[in-house]
Amino acid sequence: MLPFKLIYSDAYYLPIGEHVFPAEKYRRIRDRLVAKGIADVGDFLEPAPANDQDILLVHKPEYVNKLKTGTLSPREEMEMEIPYSRDLVEAFWLAAGGSILAGRQALAGGVSINIGGGFHHAFPDHGEGFCMIHDVAVAIRRLQRDDKIRTAMTVDCDVHQGNGTAAIFAGTRTASALLPSAGATTLDAPVLNSALPGKIRGAHAGEVFTISLHQHNNYPPWKPPSSIDVDLPDGIGDDDYVAWLDNALSSGLRQFEPELICYLAGADPYCEDQLGGLSLTIEGLKRRDELVFRVARARNIPVMVTFAGGYAQNVEDTVAIHCNTVIAAKEVFTVTK
C-alpha cells in the first residue's frame, strides 16, 4: 500500500477523438501502476464531480452557462483546441472534483496525487490549449472557501507557461533582471551556470503564489506574469533544469509561506515530446519530482499533485514519466522505521 492516496476514475478519459493529447493515458497510468506493483487497487479513490458552485468560484457565470448549454461560439471552441461535447464537460467537472479530493487528501496525509487534472491554460471566461476549466484553481478556491487553507503555492513544471493560473491568481507583479542561482538553495542541487540564458522574474502579492518553469519560446505566445516565471531557453537539460527549479523554489519559499503546494507535474519537458523543446530525460524528470517532494516534506507543507501535459510520440514514455512521479512520492514520503 502507498503512504498516500491516488485519485482516479475511468471517466477521466477525454472524448476528443484523434488528437495529439493522449486521452487514454490516464487509464494506462493506472494499469501500469497496478501491473508493476507500484500501487494496489486499495490505493485509489474515486472522485465525485465538482458541482457548479465549485466551478463558479473561479469561472464566470456566462462561460459556465455556455459550457452547460453547448453555446460556445466557433471562436471559443477553436481557442480551446478540443471538440466540445457534453461528455467532455462532464469529464472536466470530474477532473476538478478529483483535484478537490486530492487537495483534501494531501492536507490530511501530506501528499496526494490526482492522476488527471492540471488544466492550467483555462481562464475565468474561456478555455485555451486543451483546457476547458482550471481544476487546480477550483480546488484551491474550494479549500479556501471551506477554511481548510488560507494560502497556497502552485509549482507548474509543464513545458508551457501556466497562463490561466497566472491570470486567475494575479497580484502585484514587477519584472526583475536575470537572477542566477546564488546563496543558499533549498537542497543540494547543481549550481546554475551564470551564463545560462534563462530568466527568473516576478514579485507577488496575494494568497496564492504562482511559480511557472517553462520553455520561453513556446505556447502561449502571451505569458501573463506569475509570481515567479522561469523562462527557460530551448534545449535545456536535466542538471540546469533541476537547478533552476531549486532556485525558484528557494526564492518562492523565502517570500511566501504556503499551507498547500499544488504541483503540476507535466511530462512534456521530455526530450522526445512533440509539443516541447526542452531536453530532459525520463530520469531527469523523476529527479525534478523528487526535488519538489523533498522540499515539501522538509518544510512539512502538504503537496497535491496533478498530471499536466505529455505528448511523447510513444505514449508509453508519457505513461512512464507520470508513473515515476508516483514512485518519487512513494520514495520520499515512505517513513522508514
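None of the values given here were measured: they were computed from a predicted structure.
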4.5 Å side-chain heavy-atom contact, Met78 and Pro74: no

Donor-acceptor side-chain pairing of Gln161 and Tyr219 below 3.5 angstrom: no

Test of ring centre spacing under 6.0 Å for Phe92 and Phe119: yes

Name of the residue among Arg288, Arg287, Lys286 meeting side chain to side chain contact (heavy atoms under 4.5 Å, CB included) with Asn324: Lys286

Contact summary for Arg141 and Ile168, nearest pair of heavy atoms: NH2-O, 4.2 Å

Straight-line distance of Ile149 CD1 to Ile140 CD1, nearest 0.5 Å: 6.0 Å

Salt bridge (charged side-chain N to carboxylate O under 4.0 Å, His left out): pairs with one or both residues in residues 38-48, sequence neighbours excluded: none

Reported CG-to-CD1 distance for the pair Leu213 and Ile228, which is rounded to 0.5 angstrom: 10.5 Å

Check: His120 and Thr165 side chains under 4.5 Å, non-hydrogen atoms: yes

Test item: side-chain donor near acceptor, Asp135 and Ser99, under 3.5 Å: yes

ILVMFWY network linking Tyr84 to Phe21, side-chain heavy atoms under 4.5 angstrom: yes

Inter- and intrachain pairs under salt bridge (charged side-chain N to carboxylate O under 4.0 Å, His left out), touching residues 101-126, at least two apart: Arg104-Asp146

Side chains of Asp54 and Trp93, donor plus acceptor under 3.5 Å: no

Phe44 six-ring face occupied by Arg30 cation (under 6.0 Å, within 45°): yes

Side-chain heavy-atom pair Gln215, His160 within 4.5 angstrom cut-off: no

Residue pairs fulfilling salt bridge (charged side-chain N to carboxylate O under 4.0 Å, His left out) with at least one residue in residues 259-272, sequence neighbours excluded: none

Pair Ile7-Tyr12, side-chain contact (heavy atoms from CB on, under 4.5 Å): steps then yes or no: CA-CA 10 Å; Ile7 313 303; Tyr12 275 175; 3.6 Å; yes

Residues Asn114 and Thr306: side-chain donor-acceptor under 3.5 angstrom: no

Flag side-chain contact, heavy atom, 4.5 Å: Leu260 against Val303: no

side-chain contact (heavy atoms from CB on, under 4.5 Å) evaluation trace for Phe130 with Val20: CA-CA 10 Å; Phe130 316 155; Val20 70; 3.7 Å; yes

Contact summary for Ala296 and Ile261, nearest pair of heavy atoms: CB-CD1, 4.2 Å

Passing candidate, side chain to side chain contact (heavy atoms under 4.5 Å, CB included) with Leu264, options Val305, Asp156, Asp158, Ile211: Asp156

Close side-chain approach of Thr318 to Tyr311, heavy-atom, < 4.5 Å: no

Spatial distance of atom CD1 (Ile133) from atom CE (Met80) [nearest 0.5 Å]: 11.0 Å

Over all atoms of both residues, closest heavy-atom pair of Pro3 and Thr334: CG-OG1, 3.7 Å

Cluster link Val242 to Val159, ILVMFWY, side chain under 4.5 Å: yes

Step-by-step side-chain contact (heavy atoms from CB on, under 4.5 Å) determination, Tyr270 to Asp317: CA-CA 9 Å; Tyr270 178 48; Asp317 286 349; 2.9 Å; yes

Donor + acceptor pair across side chains of Tyr26, Asp10 (<3.5 Å): no

Smallest separation among heavy atoms of Ser226 and Ser212, with atom names: OG-CB, 3.8 Å

Hydrophobic cluster identity match, Phe123 and Leu67, side-chain contacts under 4.5 Å: no

Spatial distance of atom CG (Leu143) from atom CZ (Arg150) [nearest 0.5 Å]: 14.5 Å

Side-chain H-bond candidate by donor/acceptor type, Ser73 with Glu77, under 3.5 Å: no

Flag side-chain contact, heavy atom, 4.5 Å: Leu253 against Val295: yes

Check: Ser85 and Val89 side chains under 4.5 Å, non-hydrogen atoms: no

CD-CD1 distance between Glu24 and Ile29, expressed to the nearest 0.5 angstrom: 10.0 Å

Verify same cluster id: Val34, Tyr13 (apolar side-chain graph, 4.5 Å): no

Parallel, tilted or perpendicular, as decided by the 30° and 60° cut-offs, for the rings of His134 and Phe169: perpendicular

Salt bridge (Lys or Arg N to Asp or Glu O under 4.0 Å) evaluation trace for Arg32 with Glu316: CA-CA 10 Å; Arg32 182 184 175 111; Glu316 281 306 306; 3.6 Å; yes

Nearest-0.5 Å distance that lies between atom CG in Asp240 and atom CG in Asn247: 12.0 Å

Parallel, tilted or perpendicular: ring planes of His59 versus Tyr63, cut at 30 and 60 degrees: tilted

Full working for salt bridge (Lys or Arg N to Asp or Glu O under 4.0 Å) between Arg86 and Glu90: CA-CA 6 Å; Arg86 179 65 198 176; Glu90 292 179 1; 3.8 Å; yes

Contact summary for Thr151 and Pro258, nearest pair of heavy atoms: OG1-CA, 3.4 Å

Side-chain touch Leu57/Arg142, heavy atoms, less than 4.5 angstrom: yes

